[in-house]
Amino acid sequence: LAKKLLTFLTCLYFLPQVCGCIILGFSIWIRVTGAQQVNACSRTSTTMYAGVNLLIAVGAIIMILGFLGCCGAVKESQCMLMLFFIGLLLILILQLTGGILGALYKSQVENIFNLTLSSNVDALQSITGEHKEFQEEFQKLEKE
């Protein structure tokens with residue numbers, strides 16, 4: 001019974017590591033392909049890269065936590081399992097904080113998003129040569 005429980009826990013602790021690998025791989029892929037597609041408008045690429053960099057960090061942290069949980073279950077190490085628990089607790093607290101802040105500042109986030117969207121639409125509709133490079137890059141992106 002103890003052997004089956006240990007196997008179950010190992011599989012259970014291995015799941016976050018797999019999820020972290022998927023998040024990390026997908027976000028690195030977005031970062032690499034995004035560098036080729038969005039390089040004309042520095043404001044858009046900076047905003048996009050901030051989110052992708054956050055995803056890369058989250059994926060790496062989840063991978064490390066999954067490793068701690070998996071190894072802690074296999075080796076029956078209290079220290080590793082405690083670090084795993086503390087890490088998951090910190091992630092939960094950060095998610096709750098982010099959700100509460102998102103709910104509190106929803107109108108400000110919507111205003112900033114609408115401002116950015118309208119400025120990008122104005123840049124795409126501009127007939128002056130000021131935003132020509134951005135328009136050409138956007139047309140390349142649409143063709144791809």
Side-chain angles (χ1 to χ4, degrees), residues 1-126 130-131 133-144:
L1 181 65
K3 190 90 165 167
K4 288 182 182 181
L5 183 63
L6 183 62
T7 305
F8 174 73
L9 285 176
T10 304
C11 292
L12 187 67
Y13 289 132
F14 187 67
L15 188 62
Q17 192 170 11
V18 171
C19 292
C21 286
I22 291 170
I23 292 171
L24 186 63
F26 186 68
S27 56
I28 289 174
W29 175 72
I30 289 173
R31 175 72 185 208
V32 170
T33 59
Q36 299 164 357
Q37 293 175 352
V38 186
N39 60 1
C41 184
S42 63
R43 181 179 44 199
T44 304
S45 63
T46 305
T47 306
M48 184 183 93
Y49 288 149
V52 173
N53 290 340
L54 181 65
L55 274 177
I56 290 172
V58 166
I61 290 169
I62 290 174
M63 267 183 53
I64 292 168
L65 283 176
F67 178 76
L68 284 173
C70 190
C71 287
V74 169
K75 297 190 180 244
E76 298 177 9
S77 169
Q78 267 189 331
C79 180
M80 283 184 172
L81 289 175
M82 188 56 70
L83 286 173
F84 177 73
F85 172 74
I86 291 170
L88 288 181
L89 186 65
L90 287 175
I91 288 174
L92 177 67
I93 291 169
L94 286 173
Q95 285 179 340
L96 288 174
T97 305
I100 291 169
L101 288 176
L104 288 176
Y105 296 109
K106 181 181 178 186
S107 61
Q108 291 175 347
V109 170
E110 286 177 349
N111 289 338
I112 291 171
F113 179 75
N114 287 334
L115 248 162
T116 305
L117 185 63
S118 65
S119 69
N120 284 337
V121 168
D122 291 342
L124 286 173
Q125 293 176 342
S126 173
E130 186 180 347
H131 302 288
E133 185 182 356
F134 177 63
Q135 292 168 347
E136 290 171 355
E137 287 295 323
F138 193 78
Q139 287 174 356
K140 267 199 264 182
L141 176 66
E142 284 180 330
K143 287 178 185 175
E144 289 178 10

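We number each residue from 1, following the sequence as shown.
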Peer 1: Taking all non-hydrogen atoms of both residues, which atom of Leu65 and which atom of Ile91 are closest, and how far apart?
Peer 2: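 So the minimum-distance heavy-atom pair works out to CD1-CD1, 3.4 Å.
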
Peer 1: Which residues satisfy the side chain to side chain contact (heavy atoms under 4.5 Å, CB included) test with Ile56, sequence neighbours excluded?
Peer 2: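 So Ile56 forms a side chain to side chain contact (heavy atoms under 4.5 Å, CB included) with Leu24, Ser27, Ile28, Arg31, Val52, Asn53.
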
Peer 1: Kindly determine whether Phe84 and Leu88 satisfy side-chain contact (heavy atoms from CB on, under 4.5 Å), including the steps that lead there.
Peer 2: CA-CA 6 Å; Phe84 177 73; Leu88 288 181; 3.4 Å; yes

Peer 1: With rounding to the nearest 0.5 Å, note down the distance linking CG in Leu68 to CD1 in Ile86.
Peer 2: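 Nearest 0.5 Å value for the CG-CD1 distance: 10.5 Å.
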
Peer 1: Going by the rule side chain to side chain contact (heavy atoms under 4.5 Å, CB included), which residues pair with Ile22 if we only count those two or more places apart in sequence or in a different chain?
Peer 2: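 For Ile22, the residues satisfying side chain to side chain contact (heavy atoms under 4.5 Å, CB included) (neighbours in sequence not counted) are Val18.
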
Peer 1: Can you name the residues that form a ring-ring contact (aromatic ring centres under 6.0 Å, His included) with Phe26, not counting sequence neighbours?
Peer 2: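 Result, ring-ring contact (aromatic ring centres under 6.0 Å, His included) vs Phe26: Trp29.
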
Peer 1: Could you tell me which non-hydrogen atom of Cys71 sits nearest to which non-hydrogen atom of Met80, and how far apart they are?
Peer 2: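 Heavy atoms only, the tightest pair is CB-SD, 3.7 Å.
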
Peer 1: So, taking the atom named CG in Leu81 and the one named NZ in Lys75, what distance separates them when rounded to the nearest 0.5 Å?
Peer 2: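 Between atom CG of Leu81 and atom NZ of Lys75 there are 12.5 Å.
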
Peer 1: Return a table of donor-acceptor pairs under 3.5 angstrom between the side chains of residues 93-112 and protein atoms on other chains or two or more places apart.
Peer 2:
unit_1, atom_1, unit_2, atom_2, d
Thr97, OG1, Ile93, O, 2.8
Asn111, ND2, Ser107, O, 3.3

Peer 1: Taking only residues two or more places apart in sequence, or in another chain, which ones meet Ser126 in a side chain to side chain donor-acceptor pair (under 3.5 Å)?
Peer 2: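 Here the qualifying residues are Thr128.
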
